[in-house]
Protein chains: 2
Amino acid sequence: MRQFVHPSASDIRIESVLHALSDPVRLSIVRQLAQEGEATCAALDGGRPKSSMSHHFRILRESGIVKTRNEGTSHMNELRSADLDQVFPGLLTAILNAAPNL
Amino acid sequence: MRQFVHPSASDIRIESVLHALSDPVRLSIVRQLAQEGEATCAALDGGRPKSSMSHHFRILRESGIVKTRNEGTSHMNELRSADLDQVFPGLLTAILNAAPNL
DNA sequence: TCGCTTGTTCGATATTATTCGAACAATAGC
DNA sequence: GCTATTGTTCGAATAATATCGAACAAGCGA
């Protein structure tokens with residue numbers, strides 16, 4: 001498919017990160033990525049249409065939260081934990097420690 | 001004026017907090033409150049119209065980030081640091097430690 | 001090459017946010 | 001009571017987001 005836009009660590013903006021994670025769907029994606037290490041888009045769709053998921057993954061990518069690489073026909077996603085922790089120490093941990101909505 | 005809606009600590013939702021803080025105006029308000037302890041709405045308006053500020057303070061109140069009390073004709077605002085730190089340990093600190101946009 | 005799978009992109013719609021002027025409410029002081 | 005001050009609320013315009021079907025693109029295997 002394409003090559004993706006990933007901001008460098010120094011270009012990650014706190015407002016963009018907070019906005020990206022304020023959406024329940026995206027926060028859920030990030031939680032699952034934190035648990036499972038990495039996953040394809042399809043593995044995390046929860047029954048949602050592909051176009052919706054693609055949109056959310058783009059927001060996560062462009063805000064610097066997720067890194068996507070091509071793997072055959074599918075896309076493998078992982079959290080940019082190290083980059084995030086370098087730029088905003090403790091932020092990702094604090095958010096992931098928050099109890100998910102029941 | 002009125003009495004305000006302040007969610008109890010246990011009703012503070014991470015999505016609402018992240019959404020509230022993803023707005024540059026509101027994040028700036030929170031930064032100033034963190035520095036100065038407390039402030040009236042007018043002291044933080046930065047030249048913006050009162051109705052806009054009132055809107056932002058409402059978002060901050062209803063998400064559980066700020067507590068507002070009446071003080072004569074003005075409203076004094078302070079961060080609910082203890083409540084936030086109890087529900088989402090380290091979150092507020094991590095966000096406040098992020099370098100403000102220059 | 002053909003088809004299958006995985007995602008992206010486009011376009012349209014619906015929902016939600018932001019912004020701000022104008023009117024209103026509440027308090028303090030004269 | 002009158003007036004000034006401080007914010008809230010209302011209403012409307014504008015902007016940004018979310019959602020999803022349909023069409024497209026790229027790799028893989030038969």
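Just the heavy atoms: all of them, side chains too, but no hydrogens, waters or symmetry mates, feed the values below.
- In this structure, the side chain of A/Asn70 does not engage the main chain of A/His75 through any donor-acceptor pair within 3.5 Å.
- A single hydrophobic cluster is seen to contain both A/Leu60 and A/Leu44, as judged by linkage of ILVMFWY side chains at heavy-atom distances under 4.5 Å, directly or through other members.
- Taken residue by residue, residues 15-51 of chain B places heavy atoms nearer than 4.0 Å to DNA chain D at B/Thr40, B/Cys41, B/Ala42, B/Lys50, B/Ser51.
- Looking at B/Thr93, its side chain never comes within 3.5 Å of a backbone N or O of B/Gly90 through a donor-acceptor pair.
- In this structure, the CD1 atom of B/Ile59 is 16 Å from the C1' atom of D/dG7, given to the nearest Å.
- Side-chain proximity of B/Thr73 to C/dT8, D/dT8, C/dT27: nearest is C/dT27.
- Surrounding CZ of B/Arg31 are more than 12 heavy atoms belonging to other residues, nucleotides or ligands, all under 6.0 Å away.
- When the side-chain nitrogen and oxygen atoms of A/Ser52 are compared with OP1 and OP2 of D/dA18, none of them lie within a distance under 4.0 Å.
- A donor-acceptor pair under 3.5 Å is absent between the side-chain atoms of B/Ser54 and the main chain of B/Ser51, judged by distance alone.
- In this structure, B/Ser54 reaches the D/dT8 phosphate: one of its side-chain N or O atoms is under 4.0 Å from OP1 or OP2.
- Looking at B/Glu38 and B/Arg69, a side-chain N of the basic residue comes within less than 4.0 Å of a carboxylate O on the acidic one, giving a salt bridge.
- Atom pair B/Phe4:CZ and D/dT6:C1' shows a separation of 11 Å (rounding to whole Å applied).
- Going from atom CD of A/Glu71 over to atom C1' of C/dT5 covers 15 Å, rounded to whole Å.
- Between A/His55 atom NE2 and C/dT8 atom C1' there is a gap of 13 Å when expressed in whole angstrom units.
- Without hydrogens or angle criteria, A/His56 side chain to A/Val25 main chain gives no donor-acceptor distance under 3.5 Å.
- Distance CZ (A/Arg69) to P (C/dT6): 17 Å, rounded to an integer number of Å.
- If you measure from atom CZ of A/Arg58 to atom C1' of D/dT19, you get 14 Å, rounded to the nearest angstrom.
- Nucleotide C/dG21 holds its P atom 14 Å from the CE atom of B/Met53, rounded to whole Å.
- When the P atom of C/dT9 is taken as reference, atom CZ of A/Phe57 falls 14 Å away, rounded to whole Å.
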